[in-house]
Amino acid sequence: MRFAIVVATFCAAAPPASMAQSVAERLNDYPTAARADFVFACMVTNGQSREMLDRCSCSIDLIASILPYERYEQAETVLSMRRVGGERMAFFKSAVMAEAMVADLRRAQAEAEVVCF
């Protein structure tokens with residue numbers, strides 16, 4: 001009987017599996033490939049050493065703690081589209097919403113640079 005009460009109390013206090021999943025997803029919502037792409041690009045820019053691996057990894061981890069992956073991906077898309085020429089891409093260069101997305105990413109990158117480099 002005592003064991004049944006303890007089990008019932010534990011089950012009532014434990015969060016549902018779906019809730020725990022969403023917490024884990026929020027803490028690590030950047031896909032591994034996106035993190036690796038960032039680290040590779042960072043190392044190409046800053047030098048390919050063990051120290052740069054640590055600093056670049058720190059940088060993407062900090063960016064991920066500031067900016068949800070969806071917003072990071074949107075800002076990266078805007079930056080990518082800005083590199084493409086043509087009239088259709090002018091929207092990505094001048095739209096207020098696009099500017100805000102990029103500004104958020106730039107702020108996160110600046111903070112990561114201060115902390116990690």
Side-chain angles (χ1 to χ4, degrees):
M1 177 70 175
R2 187 173 172 189
F3 177 73
I5 293 172
V6 171
V7 170
T9 304
F10 176 75
C11 290
S18 62
M19 188 172 158
Q21 183 76 10
S22 67
V23 169
E25 287 173 358
R26 280 188 284 132
L27 292 175
N28 189 17
D29 66 341
Y30 280 52
T32 303
R35 288 178 187 259
D37 283 343
F38 180 92
V39 171
F40 288 144
C42 177
M43 289 179 70
V44 166
T45 303
N46 296 300
Q48 297 181 358
S49 66
R50 176 65 191 183
E51 180 184 2
M52 282 305 120
L53 173 65
D54 292 339
R55 290 175 186 253
C56 293
S57 298
C58 169
S59 185
I60 190 61
D61 290 344
L62 191 62
I63 291 169
S65 73
I66 296 169
L67 204 60
Y69 180 67
E70 182 179 337
R71 290 177 45 205
Y72 172 83
E73 188 175 40
Q74 290 168 349
E76 284 291 322
T77 301
V78 169
L79 291 172
S80 176
M81 298 306 284
R82 285 181 175 179
R83 290 189 285 268
V84 176
E87 291 179 27
R88 292 182 180 180
M89 299 308 140
F91 169 79
F92 293 103
K93 294 180 181 177
S94 62
V96 173
M97 191 169 94
E99 282 298 320
M101 288 177 195
V102 172
D104 289 344
L105 176 59
R106 296 286 188 227
R107 279 190 289 277
Q109 288 173 328
E111 187 168 336
E113 189 168 327
V114 168
V115 171
C116 299
F117 287 88

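Values reported hereafter were calculated over all heavy atoms of this structure, with side chains retained and with hydrogens, waters and symmetry mates removed. Owing to the predicted nature of the structure, the values given are computational and were not obtained by experimental measurement.
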Name every donor-acceptor pair, under 3.5 Å, that has one atom in a side chain of residues 38-47 and the other anywhere in the protein, sequence neighbours excluded.
{"residue": "Thr45", "atom": "OG1", "partner": "Ala41", "partner atom": "O", "Å": "3.0"}
{"residue": "Asn46", "atom": "ND2", "partner": "Cys42", "partner atom": "O", "Å": "2.9"}

Show me the side-chain donor-acceptor pairs of residues 69-77 shorter than 3.5 Å, one per line, residues at least two apart or across chains.
{"residue": "Arg71", "atom": "NH2", "partner": "Asp104", "partner atom": "OD2", "Å": "2.9"}
{"residue": "Thr77", "atom": "OG1", "partner": "Glu73", "partner atom": "O", "Å": "2.8"}

May I have the list of side-chain donor-acceptor pairs in residues 108-116 shorter than 3.5 Å, sequence neighbours left out?
{"residue": "Gln109", "atom": "OE1", "partner": "Arg106", "partner atom": "NH1", "Å": "3.2"}

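To the nearest 0.5 Å, the span separating SG on Cys56 from CD on Glu51 amounts to 10.0 Å. The OG atom of Ser65 sits 10.0 Å away from atom CD1 of Ile60, with the distance rounded to the nearest 0.5 Å. Between the CD1 atom of Ile63 and the SG atom of Cys58 there is a distance of 9.5 Å, given to the nearest 0.5 Å.
Identified under the salt bridge (charged side-chain N to carboxylate O under 4.0 Å, His left out) test for residues 37-46, with sequence neighbours left out: none. Annotation: ring pair (Phe, Tyr, Trp, His ring centres under 6.0 Å) contacts involving residues 93-117, sequence neighbours excluded, are absent.
Each of Ile66 and Val102 belongs to its own hydrophobic cluster when Ile, Leu, Val, Met, Phe, Trp and Tyr are linked at side-chain heavy-atom distances under 4.5 angstrom.
Looking at Val78 and Leu105, their side chains never come closer than 4.5 Å, going by heavy atoms from C-beta outward.
Partners of Gln48 under the side chain to side chain donor-acceptor pair (under 3.5 Å) rule, at least two apart in sequence or in another chain, do not exist in this structure.
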